[in-house]
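These notes concern the structure reproduced below.
Because the structure is predicted, anything quoted here is derived from the model rather than measured.
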Amino acid sequence: MGKRALVTGITGQDGSYLAEFLLSKGYEVHGLTRSSSTFNCERIDHISEAKSLAAGIVSGGVFLHYGDLCDASSVNRLMRSIRPDEIYNLAAQSHVKVSFEIPEYTGDVVALGTLRILEGTRESGLNPRIFQAGSSEMFGKVQEIPQKESTSFYPRSPYAAAKAYAHWLVVNYREAYGMFACNGILFNHESPRRGENFVTRKITLGVAAIKLGLRKALALGNLEAKRDWGFAGDYVQAMWLMLQQESPDDYVIATGETRSVREFCEAAFSYVGLDYQKHVVVDPLYFRPTEVDLLIGDASKAREKLGWRPGVSFQDLVRMMVDSDIELLKRQHLL
């Protein structure tokens with residue numbers, strides 16, 4: 001029998017790539033998903049059958065369970081029934097700007113949700129290895145460049161503050177109770193499965209729509225914000241590697257390269273033969289109350305201890321996303 005993994009946020013971008021990866025390693029994969037009026041399983045439809053969700057089991061080695069990180073009883077129940085060997089906590093309200101609008105809910109899911117997993121694990125008497133998905137947004141108003149594991153946090157949003165709380169909870173439970181719990185400080189990672197309200201996907205969808213003649217302009221916020229962008233499929237491998245080590249630790253996962261939103265636009269538009277300056281307009285509506293200007297990670301520790309390196313370049317990532325969105329819009333509009 002292979003190992004058994006519990007993945008929160010399995011229907012999200014990272015969860016879907018991680019589920020694929022774990023299945024390739026022979027895992028039995030269990031996923032936590034919230035109940036809603038519609039199935040939200042598009043990202044994992046190719047490895048499961050959402051129609052079987054109500055029965056609690058799906059094909060392809062993936063089992064889905066209703067639950068919510070805001071509900072400790074459902075977390076504890078799943079812990080006892082699944083008895084996982086590994087837990088990957090990827091669930092979150094992860095949109096930074098939205099976190100300013102729903103800060104209490106963001107804190108409940110991101111910060112207290114992590115606490116519920118850690119405390120539920122402790123009280124269960126089980127000893128799974130735990131991965132907590134941290135964020136480069138915790139560095140916020142950066143205190144040094146590049147950012148590494150020892151860099152001080154200076155969160156600039158409710159989301160980032162909640163992630164910082166979760167990070168230190170993992171460290172505390174590791175030291176207080178001897179848990180095998182790791183923080184992955186993940187810098188921005190994108191893919192064709194990225195949510196459409198995130199800036200990279202908004203750009204590539206906009207490029208596809210403009211190229212196909214479906215629209216003429218794309219409204220964005222701060223074009224000068226700089227981020228360290230990698231491919232989500234690469235980053236989930238780093239998550240798994242952390243839990244295969246002899247002892248738990250925290251790791252920055254990043255490419256070590258930074259580019260502005262403007263540069264992302266330029267790369268995406270030029271790929272299809274367009275000039276971004278003729279189509280992109282800046283709209284103050286999309287600015288955050290407090291901005292994070294520059295993020296660039298130093299993943300030396302992950303390279304040395306995990307043997308991890310990103311496999312997809314920035315240019316290949318942009319092209320992958322643009323190509324995917326062009327095909328998506330062609331299917332939707334029967335072009």
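- Taking the six-membered ring for Trp and the full ring otherwise, the centers of Tyr17 and Tyr235 sit at least 6.0 Å from each other.
- In this structure, the side-chain hydrogen bond (donor to acceptor under 3.5 Å, both in side chains) partners of Asp323, at least two apart in sequence or on a different chain, are Tyr271.
- Remark: side-chain polar atoms of Thr33 are not paired, donor with acceptor, to backbone N or O of Tyr66 under 3.5 angstrom.
- Checking side-chain atoms of Glu123 against main-chain N and O of Asn76 turns up no donor-acceptor pair under 3.5 Å.
- Applying the salt bridge (Lys or Arg N to Asp or Glu O under 4.0 Å) test to every pair with at least one member in residues 88-110, sequence neighbours left out, gives these pairs: Lys97-Glu101, Asp108-Arg116.
- Not counting sequence neighbours, the partners of Val75 by the side-chain contact (heavy atoms from CB on, under 4.5 Å) test are Leu69, Met79, Ile117.
- Annotation: Arg77, atom CZ; neighbour count of heavy atoms from other residues, nucleotides and ligands within 6.0 Å is above 12.
- Inspection of the Ser313 and Asp316 side chains reveals an N or O donor paired with an N or O acceptor under 3.5 Å.
- In this structure, a donor-acceptor pair under 3.5 Å is absent between the side chains of Gln143 and Thr151.
- For Glu190, the salt bridge (charged side-chain N to carboxylate O under 4.0 Å, His left out) criterion is met by Arg194, not counting sequence neighbours.
- Residue pairs meeting the ring-ring contact (aromatic ring centres under 6.0 Å, His included) criterion with at least one member in residues 190-209, sequence neighbours excluded, are His95-Phe198.
- Checked for salt-bridge contact, Asp293 and Arg156 miss the test: no charged N lies under 4.0 Å from a carboxylate O.
- Under 3.5 Å, the side chains of Ser74 and Asp68 contain no donor-acceptor pair of N or O atoms.
- In terms of the side-chain hydrogen bond (donor to acceptor under 3.5 Å, both in side chains) criterion, Gln147 has no residue partners (sequence neighbours excluded).
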